[in-house]
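Note sheet for the following structure.
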Amino acid sequence: MSRFDPVDDQYEPRALEENVFEYWDAVDAYEQTTEHRADGERYFFVDGPPYTSGSAHMGTTWNKTLKDCYIRYLRMQGYDVTDRPGYDMHGLPIETKVEEKLGFENKKDIEEFGEQKFIDECKQFAEEQLEGLQEDFKSFGVWMDWDDPYKTVRPEYMEAAWWGFEKAHERGLVEQGKRSINQCPRCETAIANNEVEYHQVGKPSIYVKFPLREPSERASGEAASREGSLVIWTTTPWTIVANTFVAVDGDLKYVGVDAEKNGETERLYVAEACVEDVLKAGRYDDYEVVERLEGEEMVGWAYDHPLAEQVPDHAQAEGSQQVYTADYVEADRTGLVHSAPGHGEEDFERGQELDLEMFCPVGSDGVYTDVAGAYEGEFVRDANDEIIGDLDASGHLLSSEQGHSVREGQCWRCDTDIVRLVTDQWFITVTDIKDELLDNIEDSEWYPQEARDNRFRDFVEDSPDWNVSRQRYWGIPIPIWTPDSEASASNGGGEAAGGDGEWSGNMDDAIVVGTREELAERVDQAIDPERVDLHKGTVDELTITEDGTTYTRVGDVFDVWLDSSVATWGTMNFPEQESEFEELWPADLIIEAHDQTRGWFWSQLGMGTAALGDVPYEQVMMHGWALDSDGRKMSKSIGNIVEPGEAIERHGRDPMRLFLLSVTGQADDMKFSWEEMAEMQRRLNILWNVFRFPLPYMRMDEFDPDSVALTEAETELVDEWILSRLQSVEERMTEHFENFEQDKALDALLEFVVEDVSRFYVQVVRERMWAEDDSASKRTAYATLYRVLKETVALIAPFAPFVAEEIYGILTGEAGHDTVHMCDWPEPDTFWHDPALEGEVEVARAVEEAGSNARQQAERSLRWPITRVVVAADDAETAAAVESQRALLTERLNARELELVEPGQSWGELAYSAEADMSLLGPEFGDDAGRIMNALNEASVEEPTVEALEAAVEDALGDPVDLTEEMVEFVTQTPDDVTGVAFDVAGDEMGVAYIDAGLTEDIESEGYAREVIRRVQEMRKDLDLDLEARIRVDLDIDDDRVADLVADHEDLIAGEVRADEFGPVEDGHRREWDVDGIVMEIAVEAVPAVEASD
RNA sequence: GGGCCAAUAGCUCAGUCAGGUUGAGCGCUCGGCUGAUAACCGGGAGGUCACCGGUUCAAAUCCGGUUUGGCCCA
């Protein structure tokens, strides 16, 4: 494109954007821009890798758009910014999608299909998803290094995870341990709490009697024994198989009752508050309280396992089947809680404290193992009925119901109900370095900072050890090799390794491999470290033999959160490549949504601290979530999803980006709004119009921007003003960007474009550009507007890269960079920065606005001149501003003259009432303050003095009051024909503008003439006449006085409407008008153009 | 169930930290301009500041509670 080429009348975002895409491609705009900054200071931005399943939604679009905006800004600031995008490609969600695709039901299908083949399928699926995402990101106009993204499935990246894990191990922070986890029996893996989705299901509700041990058996242990039964309640009968103890609340009141049913009596122990309910559930006829005691007194009581017959191998290590206190007990149901440390999380934790056996008779598929005796081979939930039957048969069942509605967790991927199990897992023991984690938080700056100090800190303080193992296939294999037992137990099949008797559990006896190099050196097989794939299919085959012991890799893979936690060094291919790491680490900036507090912000802190002792990022910019227009989450089930593609289709990329970048501040959730997006399109349209307005004139006059040195030119006040405003906007935008408040930066810029450039500068400067003759004034106006536009497009480039490119190209032609994105960020130029002038014009604009307002109140339209405008200024500065802008104000308010009332003086034609300052009245008068305020509002005095007001208030209230100057602000009451409106600057009232709308013959004459002009113009438009066409006008005004007044201004009318003559019109366009009750009939017809020779 | 955050005009948001008669843009409406014209400009209406209670002369603002929504955790 060449300089000042004609452009479309309308801003058409989509067509423009398509063109710009082609242009970028043609000139290698991205490559040139990065190259342009190659020698700049390095800035290490790290992209949080999106998960490769599904396409880009509004949230990811928002996220990438923010990143793009900051990267572009930082480049303009001269930085050489790291912009390698990343993708998180491992994990269960992809496995389940592939399983679905292949029609698999469970792990056995995967084993039959073949682990390696399954991994290959997962890889292919993830790569396909990546392609789709990446195309989306590109289509939003995001500039990142799309040719070379980092992928968590590449060997060099997986190695980065191994390296970090090995470092943590060196610090002694890796251990194996048992934990109560959510197990999906279909996926046969642990799933994280936040991956559990809840729904309501009907379950059994049973009361069970646990028989206290008979006194005769006392010899077997030191535990106290008694008669009767403890009553417990549960909705999971299948966990009774694993019962290990019963929990009570030490401070709660319990009772022993003799309960009677069918003539038989038995002793039952329950919480006092629960007696009635329990006995009612058991349909007892009557009862008698025979014993009262506190929970504490029951500790140590022993009972028999109610399924001892069916499960002979039940938990029976020392301490089993006794009563203990626990803080999870409530006075609900029975006040006694059946506890199975092999299942429930709270049970597990209390069981560990008490050093009890972790008895879990259930396999990873939710099926009872051989230790479950009679129930072996049954799926746990399917065994509920049989267990209830067995309890009933042995007389242990007190009551049973079905269909009790409770919340049940489901696997998020496959909707299978989860079971809680205790299994062997691998941990990074972050609780051992909690103080260090909390210290390291301080080394990062968060925007907003409160998020770090509240939410993040709270979370880190409460976080448990990090379970990093998953019993799956598609992930980074955990690089731990353990010594084989003599029994040579198998580690295959995704089972957690290290079963009983296999390995001591002492990490000193295990081998943790940190790099591919090390792997190649230590394993028994010959492998090429350059080419080896680190996935499960490969590394599970590798063994290590040292000092006569053979080591086999444990079967598990890493939790997918560990993958991304090493992104700051993984993205630099560290440890394979070291130089970048040395130079850049830690990251300068990461940008993600607030859900990542618990996710990536945390996982990186944990891993960075465990491996390197530092937080791996210095600055965090946090944004929110994209919600629908009602503030609800976008979801498929509600059907309220807005696709980015639709937004682009309806409004274009730049308007969408402007919406995303401006709608909310840091960490706030976005409410999606089509209206706001449309508004952004309109704002860009104003920019477009401001830009294309001067083009025809510049072209016609062959304006050369390089020929005018603005600093030498005779700039007018309004030129200097707009240039000063530009400097102020640049200063503010830079400040906002430095605080990561791009929304405020954009607001400042758009306000400048709309309020200052469009609504003021262009309006004022138009006449200078219309002038046909060449003049210094015109050229200065060109040069000024040129400079404003050129810097404005640079300022908007990070936000709206497409339209900025288009405008920049046409403004600069061959003279500029190939792309606007190579420009430097405009820095304020002190030569032009003149805050005093900005203040003056601000005052003038406030006066003009108040004057217009007053005109409207007086119902005197701008067409009608007014005799005078009177401006009362509150201070010298305001008075000076009005004085210096006198000509501008008089013209824009269409006044014959402007009178200035200096501060301290009052305009003699006014009367006064007052407004109270409640911040002073309140403390002074207490309860009376409100009444005094009202009296002041209603007062009317001739002099603006406190004394006069005091008298008026005393009149109204009957009591004297003592007022001071500070308490009141005088309000003026104007004479007839005069309307006053106060004007304020930045919220502070600075004075009053009065319009005298009184009529004189002179004013009426011009006013009516202009009424005629406007109507003739409208009729010209009705006739669709050319701008240049000449006309004849026939005027018939039904009021002689008005007709005469209009006749006085015939020349004015003729000039404005291009009328050659006034006279009869036979069959022209004829209309009758009513001008404030005066009827005018106007006829218009075109006349042939006058010959040029005349 | 717990932590953090939000709720102000029809819509999107300021104002809340440091209490003093609630603001902007859009939309609506009325009007202006008629050499940016499917553009541009001005005026106006519109709010029990989610609800209940407390502190205070005075609360959108501080405190307690409730409701609704969001994220995270259980």
Side-chain angles (χ1 to χ4, degrees), chain A residues 9-11 192-194 196 198 330 345-346 407 409 448 450-451 453-459 461-464 593-599 602 622 624-633 659 662-665 667-680 682-683 685-686 688-697 743-744 747 750-751 754-755 758-760 762-763 766-767 769-770 848-849 851-857 859 861-863 892 915-930 933-934 937 981 987 1013-1014 1017-1018 1020-1021 1027-1028 1056-1057:
Chain A
D9 284 356
Q10 276 290 112
Y11 165 55
N193 282 324
N194 61 343
V196 176
Y198 292 91
E330 287 172 21
E345 185 169 28
E346 290 173 316
R407 230 164 58 115
E450 309 88 77
D453 294 336
N454 298 334
R455 203 169 159 167
F456 193 52
R457 176 167 284 279
D458 288 352
F459 175 74
E461 277 173 357
D462 294 342
S463 60
H594 50 49
D595 59 321
Q596 297 302 332
T597 310
R598 168 68 180 87
W602 155 245
M622 187 193 277
W625 268 46
L627 308 177
D628 77 359
S629 54
D630 296 327
R632 284 166 196 279
K633 190 191 328 203
F659 168 74
S662 71
V663 66
T664 45
D668 276 351
D669 289 338
M670 166 224 299
K671 279 209 267 179
F672 186 84
S673 164
W674 286 114
E675 282 178 40
E676 293 303 310
M677 201 177 288
E679 169 60 15
M680 286 301 155
R682 262 168 288 179
R683 295 287 183 91
N685 192 35
I686 291 175
W688 185 257
N689 279 315
V690 165
F691 147 69
R692 76 189 173 87
F693 156 73
L695 290 183
Y697 310 109
D743 54 319
K744 291 184 179 164
D747 281 351
L750 292 177
E751 190 191 331
V754 174
E755 295 289 333
S758 173
R759 290 190 184 165
F760 203 82
V762 168
Q763 300 303 319
R766 286 195 303 179
E767 289 191 37
M769 296 205 183
W770 293 337
E848 185 195 338
E849 195 179 317
S852 304
N853 190 337
R855 263 181 169 281
Q856 205 129 355
Q857 283 183 29
E859 296 183 321
S861 80
L862 195 58
R863 267 199 298 280
R892 288 178 69 96
E915 230 174 54
D917 181 344
M918 290 309 286
S919 66
L920 296 174
L921 241 57
E924 182 69 26
F925 298 109
D927 285 338
D928 287 331
M933 178 186 79
N934 287 334
N937 285 344
V981 171
I1013 290 168
R1014 180 179 153 235
Q1017 295 285 26
E1018 194 168 327
R1020 284 181 64 105
K1021 213 169 172 182
L1027 215 61
E1028 306 299 328
E1056 292 286 328
V1057 307

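Quick note on labels: first sequence line is chain A, next is B, and so on, each numbered from 1.
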Open item on the list: When you compare the side chains of A:N454 and A:R457, does any donor N or O come within less than 3.5 Å of an acceptor on the partner?
Closed with: no

- [ ] Give one of base, sugar-phosphate or nothing for A:R766, where a contact means two heavy atoms less than 4.0 Å apart.
- [x] base

Between the protein and nucleotides 62-66 of chain B, list the N/O to N/O atom pairs that are separated by less than 3.5 angstrom.
none

Open item on the list: By nearest atom, which of the nucleotides B:G25, B:A36, B:C71 is closest to the A:S758 side chain?
Closed with: B:A36

Task: Rounded distance (Å) that lies between atom P of B:G27 and atom CD of A:E676 - done: 10 Å

TODO: Just compare B:G70, B:G10, B:C4 and give me whichever is closest to any side-chain atom of A:L627.
DONE: B:G70

- [ ] Look at all strands and tell whether A:S662 reaches a base, only sugar-phosphate, or nothing, counting heavy atoms closer than 4.0 Å.
- [x] nothing

Open item on the list: Let me spell it out: for each of A:F925 and A:G665, pick the nucleotide of RNA chain B with the closest heavy atom. Which residue's pick is nearer the 5' end?
Closed with: A:G665

- [ ] Look at all strands and tell whether A:R455 reaches a base, only sugar-phosphate, or nothing, counting heavy atoms closer than 4.0 Å.
- [x] base

Open item on the list: What's A:E679 touching, base or sugar-phosphate or nothing? Going by heavy atoms closer than 4.0 Å.
Closed with: sugar-phosphate

Task: Between B:G3 (P) and A:D462 (CG): distance, integer Å - done: 11 Å

TODO: Can you figure out which of B:G42, B:C71, B:C11 approaches the side chain of A:R759 most closely?
DONE: B:G42

- [ ] From the options B:C71, B:C40, B:C4, select the nucleotide whose nearest atom is closest to the side chain of A:N454.
- [x] B:C4

Task: Results of ring pair (Phe, Tyr, Trp, His ring centres under 6.0 Å) for A:F672 - residues two or more places apart only - done: A:F659, A:W674

Task: Candidates B:C71, B:U12, B:G25 - which lies nearest the side chain of A:S673 - done: B:U12

- [ ] Please measure how far the C1' atom in B:A18 lies from the corresponding atom in B:C28, and state the result in whole Å.
- [x] 38 Å

Task: Side chain of A:W625 - closest among B:C72, B:A36, B:G25 - done: B:C72

Task: Nucleotide nearest A:F693 when distance is taken to its side chain, options B:C4, B:C40, B:A36 - done: B:A36

Task: B:G25 base / A:E751 side chain donor-acceptor hit below 3.5 Å - done: no

Open item on the list: What's the closest nucleotide to the side chain of A:Q10 if the choices are B:A38, B:C5, B:G27?
Closed with: B:A38

Open item on the list: Mind checking if A:D595 touches a base, just sugar-phosphate, or nothing, with heavy atoms under 4.0 Å?
Closed with: sugar-phosphate

Open item on the list: Can you tell me the base-pairing partner of B:U12? Count Watson-Crick or G-U wobble geometry only, both distances below 3.5 Å, and say none if there is no partner.
Closed with: B:A24

Task: Atom-to-atom span, CD of A:Q763 to C1' of B:G42 - whole angstrom - done: 11 Å

- [ ] State, with a plain yes or no, whether a side-chain heavy atom of A:Y11 is found less than 4.5 Å away from one of A:R692.
- [x] no

Open item on the list: Both A:R692 and A:D668 contact RNA chain B. Taking the nearest nucleotide for each, which residue is further toward the 5' end?
Closed with: A:D668

- [ ] State, with a plain yes or no, whether a side-chain heavy atom of A:D669 is found less than 4.5 Å away from one of A:H594.
- [x] yes

- [ ] Measure the shortest side-chain to side-chain distance between A:M622 and A:F456 over non-hydrogen atoms and say whether it is less than 4.5 angstrom.
- [x] no

